[in-house]
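One structure is given below, encoded as structure tokens.
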Amino acid sequence: MIDYRALGGLPKQPLHEHFSPSSSLLSFLAGKQLLLSELPFPFEVVHQHYEHGYIVYKPSIVQHENRYVCVRCGNEDPHLFASFPCARCGEACVYCRKCIKMGRASQCNPLVSSTQIPPSSPFSSSLCWQGTLSPAQQLASDAVCEAIRRDGHLLVWAVCGAGKTEVLFHGIELALSQGKRVCLAAPRTDVILELAPRLKHVFPSVDVVALYGGSEDRGKLASLTLSTTHQLLRYHQAFDVMIVDEVDAFPYSVDATLTHTVEQARKPISSLIYLTATPNETWQREVNIGKRHAVTIPARYHRHPLPVPVFEWCGNWKKLWKKKRLPANVINWIHLHLEQKKQAFLFVPHIDFLEQIVPLLKSFHPSIEGVHAEDPLRKEKVQQFRQGHIPLLVTTTILERGVTIPNIDVAVLGAEQAIFTESALVQIAGRVGRSAQYPNGDVRFFHYGKTQEMVAAKRQIERMNKEAAERGLLKTQ
Amino acid sequence: MNCLICHTPYNPTVSWRYLLTLKKVDCLCSKCRNALMRIDGEICDSCGRPFAGLEPLHRQGRLCTDCVRWQEDDEWKDVLTKNRSVYMYDEFMKEVVALWKFRGDYAIVQAFQEEFCHEFDRYFDHTFLIVPIPLSAERLYERGFNQAKALAELLALPIHELLHRHHLEKQSKKSRRERLRTENVFQLSEKTSLQDRHIVLIDDIYTTGTTLRHAAKVLLKAGAASVSSFTLARG
């Protein structure tokens, strides 16, 4: 019987030149780290490749100071480990519950990776893009190229609507010309789905793959890879350039998994570029004291300042709702928008509250709708809002990112609630004034007591506007 | 605490009842707990399917038409005495079972413990011989554990692994007719006398009841007085 539990501890073997390896196995494993159970090859074949130095084993669960650690996803939370009576190893086998959707990493199911990474072929002048960069974008683009040239780190701090994707184009072109493999990762599938066609369009000759749950490209290795951070868990020392978009976004903002995944997927010598509109407090501090190399784009591409949020006290709205009433100033704000026929988002803290107030708001206007993360009609409702059929869309924080609709206003009801972090509030405010045609709008935080997060969000926006003005990045009125 | 299924933090309700009766605190948040739909109310006498939500067309007296069909077939008549199931196999249950059985998150079985035992006591007792439906050796190796056995173990009663299963293609890819036609994949794993014994088979899901009837047939042939089944969910 094979001792599967011992495999993970086996040392790396020297490469035997005389062995002729299976090309299908090597290409299946290229740049990846997979569970033994994920390999569609007989164990004997896999193990021969180990014995001849073509692959290495690694335990997927290790014990570190009496705690279990998942080597694949970095999980260390004792509540997210469990064991089962394993038919394979005949013992109580500990497994990671955190990354179980990617297959069960357990004590007798080691990780397998290839020691051979096939080189990528260089592309000369692969970029087909006629657009021009604003002066601030150009600065950031130069910094990205520089980071790629010297395999360094960089944080691109670009306000919502700055046009940060364009800032990457020249850097990606440079990397591809040097035969480097590039990965652009983001936490949400939506972002990958939006970016993939854009990048395929500007790099028409390059092999581009998009990895997300259910994608047909899963498992492929290309010159330019777009991936959800989740799918990246399967990659190992594969990329020369790692770009991580929306580092602050749900669900990875408070998650060490992201760092773990990114570190595993990129090569030991590689460049690492983070993109964000709202870096967390630690990162902001590190940028301010010069500990973290960063470049800021404080102005939007249309060169108008960011709309600054207005705080408005609305009393104890929760208590008021027990009497099925909403604060008078919130109602006025809604009525005003309905009268002026100006579309708006109303952000609320919880799904339960959302579902309760939508029926009341429908009595103001029958086309008012609510949408939340688990809403099966989410896409349809956003589409209807885009087409102007919905005057007011009540939403939870799911719409704080990505959704760009010209000429809208936003309000937050209950802005003091913990879910509305500095980053969430900056993103919410960032929905307003996105188009050059309508660069202004109203951002209103209805609250029952100002929080530090609210103040920090407002301060961050004002600071960006100030920096933009000082650097001459705004249109002079 | 974090919910065993959805992982969101929640505050378990702790009352004096929990302290006095040493009742275990629920490992699920109230949202997930309430989403598991217990089968309640009027059910088909034979297969335990709830009549609520079933078209009147599919009911004949105390039986559903599927069970009437089984009874009309000489080969299958009275092979399975009765089936009882704990939960409805609805969308939520499908997701939970997928995570537990196919992804292999064994720990989820805890979430079923209380209601599984409670419902077992309602319809069966310790005089029944408890026999989990086995997996084929190949499938067991692939999954790492047998979900039916994991359920049987919740009952904290002796388990009798009397059956052996050959490897065949996945059941779920076949239609009812195909399943009926297929040969019996089960055989007795050891020669034991089942004379006068009442048996309850344990499985995760009763869909058409074919698998359970195939297993029952083998046990009846070996002399069992009756074979019933008890499953986590009714499809």
Side-chain angles (χ1 to χ4, degrees), chain A residues 1-2 4-5 35-40 42-43 60-61 68 70 73 75 77-110 213 230 250-251 254-255 257 350-352 355 372-374 376 396 418-419, chain B residues 1-10 12 25 27-32 34-35 91-92 95-113 132-154 159 161 164-165 167 204:
Chain A
M1 204 176 136
I2 306 151
Y4 290 107
R5 285 187 167 224
L35 294 170
L36 180 61
S37 62
E38 286 181 287
L39 300 178
F43 175 71
S60 46
I61 307 288
Y68 288 110
C70 174
C73 77
N75 169 31
D77 181 350
H79 297 294
L80 291 176
F81 287 96
S83 71
F84 69 104
C86 180
R88 224 174 284 177
C89 65
E91 290 179 54
C93 198
V94 174
Y95 69 96
C96 175
R97 298 193 65 217
K98 186 162 186 178
C99 59
I100 191 142
K101 290 196 172 146
M102 310 282 286
R104 186 174 52 212
S106 76
Q107 286 176 314
C108 73
N109 195 8
H230 203 68
F250 172 87
V254 285
D255 202 338
T257 309
H350 316 285
I351 295 181
D352 298 343
E355 284 176 339
H372 56 81
E374 288 158 41
T396 54
I419 191 160
Chain B
M1 250 172 97
N2 283 21
C3 173
L4 192 63
I5 291 176
C6 70
H7 297 290
T8 42
Y10 70 105
V25 174
C27 54
L28 298 189
C29 68
S30 56
K31 205 172 163 193
C32 286
N34 294 333
E91 286 309 310
F92 182 72
E95 270 178 51
V96 175
V97 169
L99 184 63
W100 172 55
K101 170 169 138 181
F102 297 118
R103 301 286 184 192
D105 195 354
Y106 182 85
I108 300 230
V109 77
Q110 282 171 51
F112 311 134
Q113 176 145 33
I133 292 289
L135 295 179
S136 65
E138 289 84 345
R139 185 78 65 233
L140 181 62
Y141 177 84
E142 186 186 294
R143 283 207 193 128
F145 66 87
N146 175 2
Q147 72 279 359
K149 192 178 166 192
L151 288 169
E153 281 167 349
L154 293 178
I159 293 171
E161 294 184 77
H164 178 86
R165 183 183 199 152
H167 191 61
D204 54 349

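Residue numbering restarts at 1 for every chain, and letters A, B, ... go by the order of the sequence lines.
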To the nearest 0.5 Å, what is the distance between NZ on Lys98(A) and NE2 on His7(B)?
9.5 Å
Cut-off 4.5 Å, heavy atoms of chain A, and the answer for Asn2(B) is neither
Under 3.5 Å: donor-acceptor pair, side chain of Arg143(B), backbone of Ala87(A)
no
Between the NE2 atom in His79(A) and the CE atom in Met1(B), the distance rounded to the nearest 0.5 Å is 9.0 Å
For the side chain of Arg88(A) and the backbone of Glu142(B), is there at least one donor-acceptor N/O pair under 3.5 Å apart?
yes
Specify the closest pair of heavy atoms between Arg103(B) and Arg104(A), including all atoms of both residues, with the distance to one decimal.
O-CB, 4.0 Å
Where does Ser83(A) contact chain B at under 4.5 Å (heavy atoms): side chain, backbone, both or neither?
backbone
Residues in side chain to side chain donor-acceptor pair (under 3.5 Å) with Tyr68(A), at least two apart?
none
One option among Ala82(A), Pro85(A), Cys86(A) has the most heavy-atom pairs under 4.5 Å with chain B, and it is Pro85(A)
Main-chain N/O of Tyr95(A) paired with Tyr106(B) side-chain donor or acceptor, under 3.5 Å:
no
Given heavy-atom pairs under 4.5 angstrom as the criterion, report whether the side chain, backbone, both or neither of Leu4(B) touches chain A.
both
Working to the nearest 0.5 Å, report the span between CG of Leu99(B) and NZ of Lys101(A).
6.0 Å
Please classify the contact of Phe81(A) with chain B as side chain, backbone, both or neither, using a heavy-atom distance under 4.5 Å.
neither
